[in-house]
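We name chains A, B, ... by the order of the sequence lines, and we start the count at 1 in each one. Bear in mind that the values here come from a model prediction, so they are computed numbers and not experimental data.
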Number of protein chains: 2
Amino acid sequence: MTSVHSLRRTLSSDLAQAVVALVESEGLRTGDPLESVKALAARFDVAVPTMREALRRLEGLGMVDFRHGSGIYVGPNAGRRVLANPLQSRPDADQLVELLEARRQIEPSLAMLAAEVRDPAGIALMDETLAQAQAQIASGDDRLWLTNLDFHRAVAAAGGNSVLVEVLDSIVLIHAEDQREILRLHGDADDDHAEHAHLADCVRRGEPEAARDAAYSHLDHVVEVIRARRR
Amino acid sequence: MTSVHSLRRTLSSDLAQAVVALVESEGLRTGDPLESVKALAARFDVAVPTMREALRRLEGLGMVDFRHGSGIYVGPNAGRRVLANPLQSRPDADQLVELLEARRQIEPSLAMLAAEVRDPAGIALMDETLAQAQAQIASGDDRLWLTNLDFHRAVAAAGGNSVLVEVLDSIVLIHAEDQREILRLHGDADDDHAEHAHLADCVRRGEPEAARDAAYSHLDHVVEVIRARRR
DNA sequence: AGTCATAAAGTCATCTAATCACTTGAGGAC
DNA sequence: GTCCTCAAGTGATTAGATGACTTTATGACT
């Protein structure tokens with residue numbers, strides 16, 4: 001059952017690994033420029049098209065960005081271990097339910113950890129996103145759904161475990177575009193916000209069980225809304 | 001906080017997406033052959049190197065495999081939404097602890113779901129990996145650590161939620177190579193196996209709370225073993 | 001009939017070279 | 001100082017070539 005596929009080494013796979021090692025050894029971060037394709041090809045003594053193929057591998061993973069006319073930059077996924085597949089198609093109705101059920105299973109344990117650890121940066125992010133959501137509800141801002149995603153990320157961040165942050169972020173990203181529709185179907189942004197606020201309170205107060213239950217009932221509610229739509 | 005990076009469309013990114021759509025529309029699965037690079041280039045009316053760049057993006061994600069002299073095949077990650085970054089370096093000691101703590105937080109909820117759902121395929125896999133592990137312990141087989149990974153995957157599978165299976169698999173893959181060392185440090189394969197067997201019993205019997213606690217104490221034990229090594 | 005060896009065709013892997021589109025920085029004019 | 005223009009550098013895509021690998025077809029032998 002252990003995954004078995006092509007293990008043949010190619011220059012492009014070795015080069016991709018070498019670029020990752022270079023990014024790490026030079027302490028580069030998202031947004032930092034790398035050498036140009038031509039310079040990298042020279043550094044590793046390969047042809048430009050071969051270097052480009054290697055860099056496209058990295059680009060597919062979000063580890064580098066090509067900027068036309070400007071150069072190659074370290075991408076948003078540099079240093080990240082768990083990823084959302086950027087090329088997977090939008091979930092259908094069944095898959096969306098499954099996704100939300102997965103969240104309903106996982107997020108309570110993340111909320112619990114958040115209430116135990118109460119990482120200050122995560123707490124600050126929770127507060128920030130709650131305030132922003134409040135303002136967006138008041139002004140009818142269309143971007144509320146994005147802010148709600150950020151709230152969930154912030155809860156994960158309050159647990160102080162970067163792997164869990166990546167996991168939650170990956171799950172959320174898979175159906176990011178659907179969140180807008182979910183919010184619309186929910187039909188009550190104030191109610192949704194109140195559930196978020198209650199969860200945040202439990203986390204802030206350091207009540208793991210309450211936080212777990214708040215996260216569960218919030219996600220359970222969302223699952224029910226989406227289930228209802230499927231009938 | 002929402003990720004912002006290059007949104008400029010290129011042929012290679014459009015082509016990558018088009019190949020994914022082609023794989024889906026033709027119902028292709030891991031291991032199935034695609035058309036040759038040359039034929040794909042002709043199909044999409046682009047030059048071969050451009051097609052190759054697009055396919056390298058997909059290769060980076062594990063969605064296609066290039067086989068020298070043979071052709072392009074659908075890769076192991078086709079259809080998969082949550083991935084482990086194949087190019088991330090091995091975790092250092094701190095990161096390994098963080099990873100295991102993440103598992104300690106998540107796997108109890110997966111075990112709980114497994115005990116609630118008891119998906120037959122997942123249960124069968126659990127039984128199979130336990131029996132295999134038993135045989136490997138008896139014969140001193142070096143591959144025990146691989147089988148133990150499969151056991152954890154099987155528990156996730158028993159929950160019947162494919163997103164959670166991918167999540168668990170991704171987390172496990174991040175530190176796959178370290179599992180060998182973890183098992184060595186644990187020093188007691190029989191004890192480890194007994195913990196697995198106990199967890200499997202709870203799942204089989206449909207006891208969610210017991211399964212959750214079994215998973216937690218098992219992972220907690222592993223975390224302690226690794227922490228001890230760090231001192 | 002089946003098996004084995006060889007050659008040809010097809011395919012990937014890497015390279016060289018060219019042209020076009022975009023960005024950045026330097027220099028000059030005001 | 002600011003603004004504009006141009007040149008240099010950079011990515012994007014194409015065309016073409018050679019070498020390494022795999023698969024298939026054909027012929028010879030048993």
Side-chain angles (χ1 to χ4, degrees), chain A residues 4-19 22-23 26 28 30-76 78 86-87, chain B residues 4-19 22-23 26 28 30-76 78 86-87:
Chain A
V4 177
H5 68 286
S6 174
L7 295 176
R8 184 178 194 273
R9 296 180 64 163
T10 61
L11 258 192
S12 85
S13 64
D14 289 347
L15 288 168
Q17 193 70 259
V19 170
L22 181 65
V23 168
E26 298 204 346
L28 300 179
T30 298
D32 290 346
L34 291 178
E35 290 165 51
S36 69
V37 177
K38 185 172 164 188
L40 286 169
R43 169 192 276 261
F44 296 115
D45 194 31
V46 298
V48 167
T50 306
M51 194 70 238
R52 288 185 62 87
E53 287 193 14
L55 290 166
R56 288 296 189 201
R57 294 178 69 121
L58 292 174
E59 187 187 26
L61 288 165
M63 298 184 75
V64 301
D65 279 331
F66 285 67
R67 295 193 204 156
H68 188 174
S70 178
I72 308 292
Y73 293 78
V74 178
L87 290 178
Chain B
V4 177
H5 68 287
S6 174
L7 295 176
R8 186 180 191 273
R9 298 180 62 165
T10 60
L11 258 191
S12 82
S13 63
D14 288 346
L15 288 167
Q17 194 70 258
V19 170
L22 182 63
V23 168
E26 299 204 344
L28 300 177
T30 298
D32 289 347
L34 292 179
E35 291 165 50
S36 70
V37 177
K38 186 173 165 188
L40 286 169
R43 169 191 275 259
F44 296 115
D45 194 30
V46 297
V48 165
T50 306
M51 194 70 237
R52 288 185 62 85
E53 287 192 12
L55 290 166
R56 289 292 189 204
R57 293 177 71 120
L58 292 174
E59 188 187 26
L61 289 165
M63 296 182 77
V64 302
D65 279 331
F66 285 68
R67 295 191 202 158
H68 188 170
S70 179
I72 308 293
Y73 293 79
V74 179
L87 292 177

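- Of all heavy-atom pairs between A:Lys38 and A:Val48, the closest is CA-CG2, 4.2 Å.
- Here the CD-CG distance, from A:Glu59 to A:Asp65, works out to 7.0 Å after rounding to the nearest 0.5 Å.
- Atom CZ in A:Arg57 sits about 10 Å away from atom P in C:dA13, given to the nearest Å.
- Between A:Met51 and A:Val19, the closest side-chain pair of non-hydrogen atoms falls below 4.5 Å.
- One interatomic measurement links the two molecules: CG of A:Asp65 to P of D:dG11, which rounds to 13 Å at whole-angstrom precision.
- Between A:Thr50 and B:Gly71, the one whose closest nucleotide on DNA chain C sits nearer the 5' end is B:Gly71.
- In terms of position along DNA chain C, the nucleotide closest to A:Asp45 lies nearer the 5' end than the nucleotide closest to the other residue of the pair A:Asp45 and A:Gly69.
- Atom-to-atom, CD of B:Glu53 to C1' of C:dT14 comes out at 13 Å; the value is rounded to the nearest Å.
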**Request:** Would you please test B:Leu40 and B:Leu22 for side-chain contact (heavy atoms from CB on, under 4.5 Å) and show each step?
**Result:** CA-CA 10 Å; B:Leu40 286 169; B:Leu22 182 63; 3.9 Å; yes
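- One atom, CG of A:Leu11, and another, P of D:dG19, lie 17 Å apart when rounded to the nearest Å.
- When the C1' atom of D:dT13 is taken as reference, atom CZ of A:Phe66 falls 13 Å away, rounded to whole Å.
- Distance check, rounded to the nearest 0.5 Å: CD of A:Gln17 to CG of B:Leu87 gives 5.0 Å.
- Contacts between residues 32-44 of chain A and DNA chain D, defined by a heavy-atom separation under 4.0 Å, are made by A:Ser36, A:Val37.
- Counting to the nearest Å, the C1' atom of D:dG11 and the CG atom of A:Leu58 are 16 Å from each other.
- One distance of note links CZ of B:Arg56 with CZ of A:Arg52; it measures 13.5 Å at 0.5 Å rounding.
- Taking atom NE2 of residue B:His68 and atom P of nucleotide C:dA13, one finds them 6 Å apart after rounding to whole Å.
- For D:dT10, the OP1/OP2 oxygens have no side-chain nitrogen or oxygen of A:Ser70 closer than 4.0 Å.
- Note on A:Arg67: every side-chain N or O is 4.0 Å or more away from OP1 and OP2 of C:dT24.
- Here the side chain of B:Thr30 pairs a donor or acceptor atom with the backbone of B:Gly75 at under 3.5 angstrom.
- At C:dA13, one or more side-chain N or O atoms of B:Arg52 fall inside 4.0 Å of OP1 or OP2 (strictly under the cut-off).
- When the side-chain nitrogen and oxygen atoms of B:Thr10 are compared with OP1 and OP2 of D:dA12, none of them lie within a distance under 4.0 Å.
- The distance between atom CG of A:Leu15 and atom P of C:dA13, rounded to the nearest whole Å, is 13 Å.
- Within 4.0 Å (heavy atoms only), A:Val48 reaches no atom of the nucleic acid at all.
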